[in-house]
**Q** 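I'd like to ask you about the structure that follows.
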Amino acid sequence: MEKKLRVGILGGTGMVGQRFISLLENHPWYEVVTIAASERSAGRRYEDAVGIRWKMATPMPESVKDIIVMNVNEVEKVAETVDFVFSAVDMSKDEIRAIEEAYAKTETPVVSNNSAHRWTKDVPMVIPEINDAHYEVIEAQKKRLGTKRGFIAVKPNCSIQCYVPAIAAWLPYEPYEIVACTYQAISGAGKTFADWPEIVENIIPYIGGEEEKSELEPLKVLGHVENGEIVNAAEPKISCQCVRVPVLDGHTAAVSIKFRKPVTKEELIRALVEYRGFPQEAGLPSAPEQFIQYLEDDDRPQVKLDVDFEGGFGVSIGRLREDTIYDYKFIGLAHNTVRGAAGGALLGAEALTAKGYIKAK
């Protein structure tokens, strides 16, 4: 790419916004030129607006420290400075839906980490290795919005990233019934241990809205585009419980699965490690070379050892074995703020750029 695209981060002072900024440091295609946040942060240097709330393990990039934060609600003013935006705003769902559509109508593509538009029929919700074909629904969305280049694309919930890639790899064997329990890190709630002392040596068996997302969003990801809308897959049926655990980064899932077609353990493992998608084929900058790794040791995957596989963009599967009630069971792990949040949106933006949906204004 001869000239980097100008990127804005909506909600850039929060944890996911910070992760976007960290991942975009020295990106070969994109340059962060604009950071927008709430009115209380607007007008301040980014470093001053964030202050002691910088939550990343790596230092704040020098390139963003002196950026003056803009008011995210001044849509036209923000939009004229960028080629596209990442959205990580902290608002009500109705407010998010409205502001993301407002940005799209300024002819500014919006790649969102938020859940507000995940069930909008003509908004693609994409894991780029799995359902990049869903981006074709953008043309129908642009007709609805009355835009030529503005649109919204979203990534799915962070917790499903640790088991849906395995389901996708195993679709030839027709998985039709799944029971999953996810063990979710506190960064998924935008917290650190300093923010949330109650979680230390504790488990909280409830995460609002998470079980519904975990059961339903995979069906949209595995669905298809028809008449300008995304039609959900009918199967697999999924039952999920979601638990918050005292881990900083990394969502783990324990999953049992039934198949209609007979399959051996060896065939399932081969399907995992050979699975590739558009990011690998196109050589996208953030694409993991190995999307899914299979770990043979009985005590893997582990958060401490495996959460940063492929820079946090890869997925780790282990403990695949026969089940006494279902056919097989396994453990999955993915980095919830890289693959599951900002990184997943970044990879989506790269796919959209490679496909020609995002370009310079």
**Q** Just wondering, are more than 12 heavy atoms of other shown residues or ligands nearer than 6.0 Å to CD in Glu39?
**A** no
**Q** Walk me through it: do Glu217 and Lys155 pass the test salt bridge (charged side-chain N to carboxylate O under 4.0 Å, His left out)?
**A** CA-CA 10 Å; Glu217 288 188 17; Lys155 50 148 287 297; over 6 Å; no
**Q** Can you list everything that forms a side-chain hydrogen bond (donor to acceptor under 3.5 Å, both in side chains) with Glu177? Sequence neighbours excluded, please.
**A** Tyr326
**Q** Looking at Arg45, I want to see if its CZ is surrounded by more than 12 non-hydrogen atoms of other residues, nucleotides or ligands under 6.0 Å.
**A** yes
**Q** Between Gln290 and Glu310, is there a side-chain donor-acceptor contact under 3.5 Å, judged purely by atom types and distance?
**A** no
**Q** Ile186 and Thr192: which non-hydrogen atoms are nearest, and at how many Å?
**A** CD1-C, 3.4 Å
**Q** Would Glu100 and Lys105 pass as an ion pair if we require N to O under 4.0 Å?
**A** no
**Q** Sort and list the pairs that fulfil side chain to side chain donor-acceptor pair (under 3.5 Å) and have at least one residue in residues 351-361, not counting sequence neighbours.
**A** Tyr30-Thr353, Thr108-Lys361, Asp132-Lys355
**Q** Begin from the C-alpha positions of Val315 and Gln293 and carry the test side-chain contact (heavy atoms from CB on, under 4.5 Å) through to its verdict.
**A** CA-CA 6 Å; Val315 176; Gln293 69 168 342; over 6 Å; no
**Q** Tell me the closest heavy-atom pair linking Val82 and Gly8, and the distance in Å.
**A** CG1-N, 3.6 Å
**Q** How far apart are the closest heavy atoms of Met56 and Ser22, and which atoms are they?
**A** CG-OG, 3.3 Å
**Q** Go through it in stages, so that I can follow the logic: the residues are Tyr294 and Arg300, the test is side-chain contact (heavy atoms from CB on, under 4.5 Å), and I'd like the CA-CA distance, side-chain angles, deciding distance and then a yes or no.
**A** CA-CA 9 Å; Tyr294 184 78; Arg300 303 281 288 279; over 6 Å; no
**Q** Are Leu272 and Phe309 grouped together when hydrophobic residues (ILVMFWY) are joined by side-chain heavy atoms under 4.5 angstrom apart?
**A** no
**Q** With rounding to the nearest 0.5 angstrom, report the CG to OG1 distance, Asn336 to Thr252.
**A** 9.5 Å
**Q** Kindly check if the number of other-residue, nucleotide or ligand heavy atoms within 6.0 Å of CD (Glu289) is above 12?
**A** no
**Q** Among Val78, Ile99, Ile35, exactly one meets side chain to side chain contact (heavy atoms under 4.5 Å, CB included) together with Val72. Which residue is that?
**A** Ile99
**Q** Between Val126, Ile230, Val231, which is the residue that forms a side chain to side chain contact (heavy atoms under 4.5 Å, CB included) with Lys220?
**A** Ile230
**Q** Rounded to the nearest 0.5 Å, how far does CD of Gln18 lie from CD1 of Ile9?
**A** 11.5 Å
**Q** Is there a side-chain contact between Ser87 and Val111, using heavy atoms and a 4.5 Å cut-off?
**A** no
**Q** Strictly distance-based, threshold 3.5 Å: is any side-chain N or O of His251 a donor or acceptor partner for the main-chain N or O of Ala185?
**A** yes
**Q** Hey, does the side chain of Asn71 reach the backbone of Asn73 with a donor-acceptor pair shorter than 3.5 angstrom?
**A** yes
**Q** Would you say Ile325 and Ser256 make side-chain contact, with heavy atoms under 4.5 Å?
**A** no
**Q** Could you go step by step and tell me if Phe20 and Thr337 meet the side-chain contact (heavy atoms from CB on, under 4.5 Å) rule?
**A** CA-CA 9 Å; Phe20 274 121; Thr337 66; over 6 Å; no
**Q** Ile292 versus Val273: any side-chain heavy-atom pair under 4.5 Å?
**A** no
**Q** Using the rule that Ile, Leu, Val, Met, Phe, Trp and Tyr join whenever any side-chain heavy atoms are under 4.5 Å apart, tell me whether Leu347 and Val164 fall into a single cluster.
**A** no
**Q** Compare every heavy atom of Leu295 with every heavy atom of Ser316, then report the nearest pair and how far apart it is.
**A** CB-CD1, 4.1 Å
**Q** Taking the basic N atoms (NZ, or NE/NH1/NH2) and the acidic carboxylate oxygens, is any pair closer than 4.0 Å for Lys55 and Asp195?
**A** yes
**Q** Less than 4.5 Å apart, any side-chain heavy atom of Leu284 and any of Phe278?
**A** yes
**Q** So Glu210 and Ser214, do their side chains get closer than 4.5 Å, heavy atoms only?
**A** yes
**Q** Rounded to the nearest 0.5 Å, what separation is found between the CG atom of Leu333 and the CD atom of Gln161?
**A** 12.0 Å
**Q** Does Val110 belong to the same Ile/Leu/Val/Met/Phe/Trp/Tyr cluster as Ile138, with side-chain heavy atoms less than 4.5 Å apart forming each link?
**A** no
**Q** Might you confirm whether atom CD of Gln241 has over 12 heavy atoms from other residues, nucleotides or ligands at distances under 6.0 Å?
**A** no
**Q** Report, as yes or no, whether the 6.0 Å neighbourhood of atom CD on Glu198 holds more than 12 heavy atoms from other residues, nucleotides or ligands.
**A** yes
**Q** Answer yes if Val85 and Val33 sit in the same cluster of Ile, Leu, Val, Met, Phe, Trp and Tyr residues linked by side chain heavy atoms under 4.5 Å apart, and no otherwise.
**A** yes
**Q** Do Pro175 and Lys258 come close enough that some side-chain heavy atom pair is under 4.5 Å?
**A** no
**Q** Is there a side-chain contact between His27 and Glu350 (heavy atoms, below 4.5 Å)?
**A** yes
**Q** Just verifying a value: how many Å separate Glu25 CD and Met60 CE, rounded to the nearest 0.5 Å?
**A** 11.0 Å
**Q** Between Glu281 and Arg276, is the closest basic N to carboxylate O distance under 4.0 Å?
**A** no
**Q** What closest approach, in Å, do Ser187 and Asp249 show between heavy atoms, and which atom pair accounts for it?
**A** OG-OD1, 2.7 Å
**Q** In plain terms, say whether Arg270 and Glu267 are close enough for a salt bridge, that is, a side-chain N and a carboxylate O under 4.0 Å apart.
**A** no
**Q** So that I can tick it off, tell me whether Glu129 and Arg339 are bridged by a salt bridge, with the cut-off set at under 4.0 angstrom between side-chain N and carboxylate O.
**A** yes
**Q** Following the transitive rule for hydrophobic clusters with a side-chain heavy-atom cut-off under 4.5 Å over Ile, Leu, Val, Met, Phe, Trp and Tyr, establish whether Leu24 and Val69 coincide in one cluster.
**A** yes
**Q** Do Val89 and Glu95 come close enough that some side-chain heavy atom pair is under 4.5 Å?
**A** no
**Q** I need the Asp327 CG to Ile257 CD1 distance, nearest 0.5 Å.
**A** 8.5 Å
**Q** With no hydrogens and no angle check, is any side-chain donor or acceptor of Arg19 less than 3.5 Å from a backbone partner on Val338?
**A** no
**Q** Let me see the working for Arg6 and Glu31 under salt bridge (charged side-chain N to carboxylate O under 4.0 Å, His left out), right down to the final yes or no.
**A** CA-CA 5 Å; Arg6 303 168 300 158; Glu31 179 183 2; over 6 Å; no
**Q** Would the number of heavy atoms belonging to other residues, nucleotides or ligands and lying under 6.0 Å from CG of Asp298 be above 12?
**A** no
**Q** Please give me the minimum heavy-atom distance between Pro236 and Ile178, naming the atom from each residue.
**A** CG-CD1, 3.7 Å
**Q** Got a sec: does the NZ of Lys65 have more than 12 other heavy atoms crowding it under 6.0 Å?
**A** yes
**Q** Could you grab the distance from atom OH of Tyr46 to atom OG1 of Thr13, nearest 0.5 Å is fine?
**A** 6.5 Å
**Q** Can Val245 and Tyr183 be said to form a side-chain contact (heavy atoms from CB on, under 4.5 Å), step by step?
**A** CA-CA 6 Å; Val245 295; Tyr183 306 93; 3.9 Å; yes
**Q** For Asn157 and Ser115, does a side-chain donor sit closer than 3.5 Å to a side-chain acceptor?
**A** no
**Q** Counting heavy atoms not belonging to Asn227, are there more than 12 under 6.0 Å from its CG?
**A** no
**Q** Give every residue pair that meets the ring-ring contact (aromatic ring centres under 6.0 Å, His included) criterion with at least one member in residues 133-181, sequence neighbours excluded.
**A** Trp170-Phe259, Trp170-Phe330
